[in-house]
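In this text, all values refer to a predicted model and were calculated from it rather than measured experimentally.
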Number of protein chains: 2
Amino acid sequence: MKYSVMVEYALHSLVYLIDVPEEDSIGIKKLAEFQGLSETYLSKVFGKLAKAGIVSSVPGVKGGYRLQKNPKDISFWDVIQAIEGHKPIFQCKNIRENFAYRRDKTCDSCDVHSICTINKVMLEAEQQMRDYLSSKTLAWLNEDLKDHLPSERIEAAKAFFT
Amino acid sequence: MKYSVMVEYALHSLVYLIDVPEEDSIGIKKLAEFQGLSETYLSKVFGKLAKAGIVSSVPGVKGGYRLQKNPKDISFWDVIQAIEGHKPIFQCKNIRENFAYRRDKTCDSCDVHSICTINKVMLEAEQQMRDYLSSKTLAWLNEDLKDHLPSERIEAAKAFFT
DNA sequence: TAATCGTCGATTAAATTAATCCATGATTAA
DNA sequence: TTAATCATGGATTAATTTAATCGACGATTA
């Protein structure tokens, strides 16, 4: 169980869009080149981000992508959900409901449709993770990077994209 | 990103081992039959559980598996880790270290090997989930099932395995 | 000694993820 | 108006992971 590389590509790429002015945008080509990623694959990633309303696209030459919301309103979880969809990390196939006793005989009380406890626990566990990821926003990330990354590096990125 | 069905098979199967007396054991064949699962595949699951010290095996005819620890000392997380191994849910390939500026020119301050913030956040998020899953044990699960499952059903299982 | 059961490795099948290719339509600059 | 640039989307291929089966082996019991 692992998140796809798309999530990594998305989160890393979005960092470069944070400080881009409203009317400006950055193209896939530059984002891919700067990070050493596949251009076509990264475009798939941004397709998903756009569909989720995280970024908006500018078509045509000199076009590209920009954030569609305020960075403080875009959480890690938003990004993950945009990429991975809404399916839970654990999906009980309800093997519990298919046990031998039930197959053989008839069992009225077996028809009670209670939620599988195991499934419930897994879903609650995911909720813990989700809450944490929802609390971390792109705005927060940007601040953290400003503090921990050499300024030379931040400047280099800024220079590359302008 | 989803947990494998092995995790589901493991958790569901372990329930039936909780109340088994010390000197007794239940075989793969019965566990598989009762739940309608593949016998050979379930044996792979128990191979992992045995290697992790969660269950112990009894070879030979009339053999099978039993819990190796007290149910209160076996958590959901223990089981998941036994099955899925120890790899984190997110492994940053550090594409941040691979950006264009660095490949072209040399940048001393870029050699500082700070941990990628994005990676750190993801790992902390996983930790939240892990903490929750570590707090739920098989003993707890057993109690919960006793409360929420029709007794007819619990008896049916017990009868099947004895 | 034969049947039963766990163990292990190899193999196959199915499903998912990663990545590429190509055709299309919007936009800008020459 | 035309050519180049860019996002968009579908189809396709390749690689990786997961699911499942098969067969051989050793331990155990009746």
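Of all non-hydrogen atoms in B/I28 and B/S43, the two that sit nearest each other are CD1-CA, 3.8 Å.
A heavy-atom distance below 4.5 Å is not found between the side chains of B/F90 and B/E126.
In this structure B/T137 satisfies the side-chain contact (heavy atoms from CB on, under 4.5 Å) test together with B/A139, B/W140, sequence neighbours excluded. Every residue was checked against the salt bridge (Lys or Arg N to Asp or Glu O under 4.0 Å) condition with A/K87, not counting sequence neighbours, and none meets it.
One side chain, B/S75 or B/D78, offers a donor N or O that lies under 3.5 Å from an acceptor on the other.
At whole-Å resolution of the value, CE in B/M1 and C1' in C/dA18 are 18 Å apart. Rounded to an integer number of Å, the gap from A/K30 NZ to D/dA7 P is 12 Å. Rounded to whole Å, the distance from CD on A/E33 to P on D/dT5 is 14 Å. Rounding to whole angstrom units, CG of residue B/L31 and C1' of C/dT4 are separated by 16 Å. Here the P atom of nucleotide C/dA19 and the CD atom of A/E8 are 11 Å apart, to the nearest Å. Rounding to whole angstrom units, CG of residue A/D24 and P of D/dC6 are separated by 13 Å. Protein atom CZ of A/F161 is 13 Å distant from nucleotide atom P of D/dC6, rounded to whole Å. A straight line from CD1 of A/I28 to P of C/dT20 spans 14 Å, rounded to a whole angstrom.
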Between N or O atoms, less than 3.5 Å apart, protein on one side and nucleotides 13-15 of chain D on the other: list the pairs.
none

Check nucleotides 20-22 of chain D for protein N or O atoms closer than 3.5 Å to its own N or O atoms and list the pairs.
unit_1: D/dA20; atom_1: OP2; unit_2: B/Y9; atom_2: OH; d: 3.4
unit_1: D/dT21; atom_1: OP2; unit_2: B/S38; atom_2: OG; d: 2.4

Listing time: all N or O pairs from protein to nucleotides 23-30 of chain C that are below 3.5 Å?
unit_1: C/dT27; atom_1: O2; unit_2: A/V61; atom_2: N; d: 3.3

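Residues of residues 46-56 of chain A having a heavy atom closer than 4.0 Å to DNA chain D: none are found.
To the nearest 0.5 angstrom, A/H12 atom NE2 is 5.5 Å from A/E8 atom CD. The CD1 atom of A/I83 lies 12.0 Å from the OH atom of A/Y9; values are rounded to the nearest 0.5 Å. Atoms CG and CD, on B/L17 and B/Q68 in that order, are 12.0 Å from each other to the nearest 0.5 Å. Here the CD1 atom belonging to B/I118 is positioned 13.0 Å from the NZ atom belonging to A/K136, to the nearest 0.5 angstrom. If you take CD1 on A/I89 and CD on A/E84, they are separated by 11.0 Å, rounding to the nearest 0.5 Å.
For the OP1/OP2 pair of C/dA18 and a distance below 4.0 Å, the side-chain nitrogens and oxygens of A/S4 include at least one atom meeting the criterion. Phosphate contact (OP1/OP2 of C/dT7, side-chain N/O of B/S57, threshold under 4.0 Å): present.
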Evaluation steps, salt bridge (charged side-chain N to carboxylate O under 4.0 Å, His left out), between B/K146 and B/E143: CA-CA 5 Å; B/K146 271 185 198 160; B/E143 284 305 309; 3.6 Å; yes
Check against salt bridge (charged side-chain N to carboxylate O under 4.0 Å, His left out), B/E124 and B/K120: CA-CA 6 Å; B/E124 286 165 356; B/K120 192 165 139 276; 3.8 Å; yes
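Ranked by how close their nearest DNA chain C nucleotide is to the 5' end, B/Y65 and B/K2 are led by B/Y65.
Proximity of a side-chain donor or acceptor of B/R66 to a complementary backbone N or O of B/E23 within less than 3.5 Å is detected.
A perpendicular orientation is assigned to the rings of A/Y16 and A/F34, their planes being inclined by more than 60° (bins at 30° and 60°).
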